[in-house]
**Student:** 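Before I ask anything, here is the structure I am working with.
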Amino acid sequence: MSHSNTSGSTLATSTSINLIPARSCVPASGAASVVVVLRAVSEQIGGGRNGDRDMVRDTRFAACKRKNMSRLPYVNPADAPPPVREALQAARPLNFFRVMAHAETAFPAWMRWGGTLLNDLALDPLLREIAILRVAQLSDITYEWVQHEPIARSVGATDEMIHALGRDEIREDCFTSDQRIVLRFTTEVVRDVCPPDDATAALTGLLSPREVVELLMVIGQYMMIARVAAVADLEVDKPMGAAVYGVRA
């Protein structure tokens, strides 16, 4: 989810190796060098070549910009109209919100909408979060991934699931059959707009009409977020959790 500023990148080593860049979108052209660096680090900490499988989203995190600011200015709450200022002050201080706040008449309602999607759906939270991470992975957007990996973990996503999503391996045994149905449907919507009949039939056999529409809302919301983050080339914020919109998680 993010263009990266090399000086702002950090390397975290726990159950996986993650290269977290400072910006929002990642070009394929920078991927090879990142793989080489991560492989070397993996071998140094004892992972060897087998450590390659633990490089979550390794080919997706390379710097494609070298600049200090977003392509769009951030709104200063002090200078914003009262409804926008109040919405910003109620939420966590994300760069994304400060860009979205330029849409003055739509922003307050959009913030309430975002809070509803994260906190008040019939759709299972884990299904919601793996769908969001799938959108982030397919869109090459670090911004979404950084924010939603910890949210996904908080609702039950395992290390194996996070790793598989980062490696574009959605058929792995770490996912249940229901989760694989949702991931396939999400993939088809992002890539082809209209999923084939068998993918839709599998989903409607699993979820209620309400949950199907909610899933489509989630997919659409995070496709939009991915594209705004990419176009604006946002600096990646630290993870803020499910209460980012100012709604109690």
Side-chain angles (χ1 to χ4, degrees), residues 1-2 14-20 25-26 28 31-32 34-35 38-39 42 47-62 117 121-209 211-223 225-226:
M1 298 177 270
S2 182
S14 54
T15 56
S16 65
I17 298 176
N18 295 289
L19 188 64
I20 306 298
C25 82
V26 179
V34 176
V35 174
L38 287 176
R39 179 175 295 127
S42 177
R49 290 284 174 166
N50 291 334
D52 291 354
R53 286 184 59 81
D54 288 331
M55 296 178 187
V56 178
R57 295 174 57 77
D58 52 11
T59 63
R60 321 195 78 83
F61 292 165
L117 292 185
L121 299 183
L123 181 67
D124 178 79
L126 180 54
L127 295 181
R128 179 197 73 217
E129 288 303 316
I130 63 174
I132 291 171
L133 289 181
R134 184 61 176 155
V135 172
Q137 195 273 341
L138 289 170
S139 303
D140 286 351
I141 299 299
T142 305
Y143 199 98
E144 282 182 342
W145 188 278
V146 168
Q147 291 299 322
H148 281 272
E149 179 180 335
I151 298 175
R153 291 183 186 277
S154 75
V155 295
T158 65
D159 286 343
E160 291 77 13
M161 293 165 67
I162 297 294
H163 294 181
L165 285 165
R167 296 191 303 263
D168 195 21
E169 296 174 358
I170 63 173
R171 297 181 182 178
E172 292 289 286
D173 292 339
C174 58
F175 299 112
T176 67
S177 59
D178 290 353
Q179 291 164 352
R180 286 194 289 271
I181 287 171
V182 169
L183 288 170
R184 182 195 172 196
F185 181 85
T186 301
T187 302
E188 299 286 356
V189 170
V190 174
R191 288 179 173 170
D192 300 323
V193 182
C194 184
D197 289 344
D198 63 326
T200 302
L203 188 77
T204 56
L206 170 65
L207 302 180
S208 69
E211 291 168 316
V212 171
V213 173
E214 287 177 347
L215 176 61
L216 286 166
M217 287 179 172
V218 168
I219 294 169
Q221 166 86 336
Y222 285 89
M223 288 178 68
I225 289 174

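Predicted model only: the values in this text are computed from it and were never measured.
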**Student:** Which atoms form the tightest heavy-atom contact between Gln137 and Gly166, and what is the distance?
**Tutor:** NE2-O, 4.1 Å

**Student:** With a 4.5 Å limit on heavy-atom distance, are the side chains of Ile181 and Leu207 in contact?
**Tutor:** no

**Student:** List in chain and number order the residues that pass side-chain hydrogen bond (donor to acceptor under 3.5 Å, both in side chains) with Ser154, two or more places apart in sequence or in another chain; answer none if no residue qualifies.
**Tutor:** none

**Student:** When rounded to the nearest 0.5 angstrom, what distance separates CD in Gln179 from CG in Leu127?
**Tutor:** 6.0 Å

**Student:** Once you round to the nearest 0.5 Å, how far does CG of Asp124 lie from CG of Asp178?
**Tutor:** 9.5 Å

**Student:** Give the minimum heavy-atom separation between Met161 and Gly156, together with the two atoms involved.
**Tutor:** SD-O, 4.4 Å

**Student:** Applying salt bridge (Lys or Arg N to Asp or Glu O under 4.0 Å), can you list everything that pairs with Glu214, at least two apart in sequence or on another chain?
**Tutor:** Arg210

**Student:** Mind checking whether Ile130 and Thr186 have side chains closer than 4.5 Å, heavy atoms only?
**Tutor:** no

**Student:** Run the side-chain hydrogen bond (donor to acceptor under 3.5 Å, both in side chains) test against Arg128 and tell me which residues pass, sequence neighbours left out.
**Tutor:** none

**Student:** Pick out which of Val155, Thr176, Val182 makes a side-chain contact (heavy atoms from CB on, under 4.5 Å) with Leu126.
**Tutor:** Val155

**Student:** Give me the atom names and distance for the closest heavy-atom approach of Glu169 to Glu172.
**Tutor:** O-CG, 3.2 Å

**Student:** Pairs under 3.5 angstrom only: tabulate donor-acceptor contacts from the side chains of residues 190-202 to other protein residues two or more places apart or in another chain.
**Tutor:**
residue: Asp198; atom: OD1; partner: Arg184; partner atom: NH2; Å: 3.2
residue: Asp198; atom: OD2; partner: Arg184; partner atom: NH1; Å: 3.0
residue: Asp198; atom: OD2; partner: Arg184; partner atom: NH2; Å: 3.2
residue: Thr200; atom: OG1; partner: Pro196; partner atom: O; Å: 3.4

**Student:** Could you grab the distance from atom CZ of Arg171 to atom OG of Ser177, nearest 0.5 Å is fine?
**Tutor:** 14.0 Å

**Student:** What residues form a side chain to side chain contact (heavy atoms under 4.5 Å, CB included) with Val213, not counting sequence neighbours?
**Tutor:** Met217

**Student:** Once you round to the nearest 0.5 Å, how far does CD of Glu149 lie from CD of Glu129?
**Tutor:** 11.0 Å

**Student:** Rounded to the nearest 0.5 Å, how far does SG of Cys174 lie from CD1 of Ile162?
**Tutor:** 9.5 Å

**Student:** Are the side chains of Val135 and Val218 in contact, using a 4.5 Å heavy-atom criterion?
**Tutor:** no

**Student:** Tyr222: what forms a ring-ring contact (aromatic ring centres under 6.0 Å, His included) with it, not counting sequence neighbours?
**Tutor:** His148

**Student:** Between CG of Leu165 and CG of Leu138, what distance do you get to the nearest 0.5 Å?
**Tutor:** 9.5 Å

